[in-house]
Amino acid sequence: MATASTILHVDMDAFFVSVELLRRPELRGQPVVVGGHGPRGVVAAASYEARAHGVFSAMPSVRAARLCPHAVFLPGDHATYAAVSARVMDLFREYTPLVEPLSLDEAFLDVSGVRRLHGDGRAVGLRIRERVLEQEGLTASVGVAPSKFIAKLASNEAKPTARAGGTLPGAGVVEVRPGDEIGFLHPLPVSALWGVGPVTLDRLHRIGVRTIGDLAGLDRGAVVAVLGTTTGSHLHRLSHGEDDRPVSPDLAPKSVSHEETFAADLTDPDRLTREVVRQADAVASRMRRAGLRGRTVTIKVRFGDFRTITRSTTLATAVDSGPMIARPAKRLLAEVDTTAGVRLLGVGVTGVSIDEPRQLSLDESDPGWDDASRAVDEIRQRYGERAIGPAIAAGPTGVDLVRRGAQQWGPNQPR
C-alpha cells in the first residue's frame with residue numbers, strides 16, 4: 001500500500017500589510033489597507049483590524065473607505081513584496097526542493113521525503129513558521145494534509161480571525177491526517193471549495209446544499225445536471241476529498257504581461273501609443289531577465305463602461321525586445337476604436353518558452369535588437385532602471401518607465 005503524501009500549504013498572514021507594518025510599526029493595531037486609493041483603486045490587502053469592518057482584497061477602494069472611514073491607505077510596493085517573497089521561498093527550499101509558489105505570499109511544499117531529516121509534516125510546518133518569524137518578522141499559517149486541496153483548506157483554518165473586539169489568533173498549523181479528510185472536509189461551507197463563485201453558490205443553495213457534506217451526499221448526475229459536466233464533476237470529486245495533483249516546482253510562466261488602469265479614460269491616440277511602448281519595454285525586460293521568448297503578442301483594452309476586449313497576433317519568430325513587441329501591439333491598438341475612452345490598457349506576450357528558438361531576420365529594414373537589448377540591460381543594471389528607455393517615454397523629469405506591479409491595484413490619487 002502506497003504511503004500517503006505529506007503536503008504543506010504555507011500562506012503568509014496579511015502579507016502586503018505585514019511587510020508595510022515592518023516599516024511603519026506605529027500603525028500596528030490600526031485598520032490598514034494596501035492598494036490603490038483613488039476612485040479606481042482596488043484593495044490588495046487589508047489588516048485584520050480592517051477586515052473586522054468588512055474590508056477584503058479585490059474590493060474597490062471607495063467601498064473600503066465607506067466601510068472603514070478611519071482606515072489608513074498605503075500604496076503598494078510590489079518590488080519590496082517580491083524581494084521578501086523570494087527570500088521566503090528560498091527558506092522553504094531549505095526543507096524540500098518540491099516547492100510550488102502560487103503567488104508572492106503562498107506556496108505548496110511536498111515534504112513526504114524529508115521525514116528523517118526534518119520530522120513529520122506538522123514539525124516542518126512549525127519550524128517554517130518559526131524561521132519566517134525569525135528571519136522576516138512575519139507570520140504565516142500552515143496547512144498539513146495528504147493533498148494540495150485539503151492542505152489549502154487547512155491553512156485557512158489555521159489563520160487568525162478578524163473580529164470587532166480584536167483579532168483572534170489562529171492555530172498557526174492545522175494538520176489533517178490520512179483518513180481524517182472527510183471528517184475535516186464535510187462540515188465546511190460549500191463556498192470553501194475551489195471553483196465555487198457567487199453564481200455557483202447560488203445554484204447550490206437553491207438545491208439545499210450548504211456544506212461540502214451536503215454536496216458529497218448528492219448523486220454525481222444530480223450535481224452535473226445543476227452545474228454542468230465540467231464544474232459538477234470537479235466539485236463532486238473535491239467534495240469527496242479526491243485530489244491527486246502533485247506539487248510541481250519551477251513551473252515556467254505561460255505569459256508575461258503588464259496592464260494599467262488610468263485615473264481618467266484616455267482617448268488621445270498618441271498617449272495610448274506611448275503607453276503601449278512603455279508597457280512593451282517593461283514586458284520585454286522581464287522576459288529577458290527570465291530567459292524567455294515568445295511569438296504571440298496580445299493587447300487588452302477595457303473601456304469606461306467596463307467592456308473588455310483582447311486582440312492578439314502571432315509573429316513568425318520569437319521576440320524578447322521592447323520594439324519588437326511594441327510594433328505589433330501598436331498595430332493591434334490602431335485597429336481598435338478608442339474614441340469611447342480607455343479605462344485600462346495591457347500588453348503581453350503569451351506562449352512564452354525558454355526553449356523558443358531565435359531566428360535571424362532577413363529583412364534589411366529590421367536591424368535586429370539583440371545587441372541593443374543587451375546594452376539596455378547592462379546600462380540599467382549598472383546605473384538603474386530609469387537610466388535608459390524608449391525615447392517616447394522621456395520627459396522633463398527623466399525616463400518614465402513602467403515598474404513591475406505599478407498600477408496593479410489601480411491609480412493612486414486623492415479620494
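- Using a 3.5 Å distance cut-off with no hydrogens or angles, the side chains of Arg163 and Tyr48 do not pair a donor with an acceptor.
- Of the possible polar contacts, none joining the Lys148 side chain to the Val247 backbone as a donor-acceptor pair under 3.5 Å is found.
- One finds a salt bridge joining Arg24 and Glu26 here, because a Lys/Arg side-chain nitrogen approaches an Asp/Glu carboxylate oxygen to under 4.0 Å.
- Residues Arg311 and Val336 form a side-chain contact, since some pair of their non-hydrogen atoms from C-beta on lies under 4.5 Å apart.
- Side-chain contact between Arg127 and Tyr95 is present, with heavy atoms from C-beta onward closer than 4.5 Å.
- Comment: Asp202 engages Arg206 in a salt bridge, judged by a side-chain N to carboxylate O separation of less than 4.0 angstrom.
- In this structure Arg122 satisfies the side-chain hydrogen bond (donor to acceptor under 3.5 Å, both in side chains) test with no other residue, sequence neighbours excluded.
- Shown here are the side chain to side chain contact (heavy atoms under 4.5 Å, CB included) partners of Arg331, two or more places apart in sequence or in another chain: Arg327, Pro328.
- Between Arg307 and Ile309, the closest side-chain pair of non-hydrogen atoms falls below 4.5 Å.
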Steps toward side-chain hydrogen bond (donor to acceptor under 3.5 Å, both in side chains) verdict (Ser353, Arg293):
CA-CA 6 Å; Ser353 171; Arg293 295 188 294 276; over 6 Å; no

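- At a threshold of 4.0 Å, the pair Glu259-Arg302 does not count as salt-bridged, since none of the basic side-chain nitrogens sits closer than that to a carboxylate oxygen.
- At distances below 3.5 Å, at least one donor-acceptor pair connects side-chain atoms of Thr96 with backbone N or O atoms of Leu98.
- There is a side-chain donor-acceptor pair under 3.5 Å between Asp13 and Thr139.
- Thr317 and Arg295 share no side-chain donor-acceptor pair at under 3.5 Å.
- Note that CG of Leu333 is 6.0 Å distant from OG1 of Thr338, once rounded to the nearest 0.5 Å.
- Checking Arg289 against Ser285 by side-chain atom types alone, a donor-acceptor pair falls below 3.5 Å.
- Dense packing is recorded around CZ of Arg28, with more than 12 heavy atoms of other residues, nucleotides or ligands lying under 6.0 Å away.
- Here the side chains of Glu20 and Val32 are not in contact, with every heavy-atom distance at 4.5 Å or above.
- No hydrogens or angles considered: nothing links the side chains of Ser312 and Thr296 as a donor-acceptor pair under 3.5 Å.
- With respect to Arg278 and Asp281, no salt bridge is recorded, no charged nitrogen being found less than 4.0 Å from a carboxylate O.
- Checked by atom type and distance alone, the side chain of Asp243 pairs as donor or acceptor with a backbone atom of Phe149 at under 3.5 Å.
- Aromatic ring orientation, Tyr81 versus Phe16: parallel (interplanar angle below 30°, classes split at 30° and 60°).
- Looking at Ile325 and Val347, their side chains come closer than 4.5 Å, going by heavy atoms from C-beta outward.
- At a threshold of 4.5 Å between non-hydrogen side-chain atoms, the residues Asp244 and Arg237 count as touching.
- Counting only residues at least two apart or in different chains, side-chain hydrogen bond (donor to acceptor under 3.5 Å, both in side chains) contacts with residues 207-219 comprise Thr211-Asp214.
- The only option from Val224, Ile207, Val226 that meets the side-chain contact (heavy atoms from CB on, under 4.5 Å) definition with Leu218 turns out to be Ile207.
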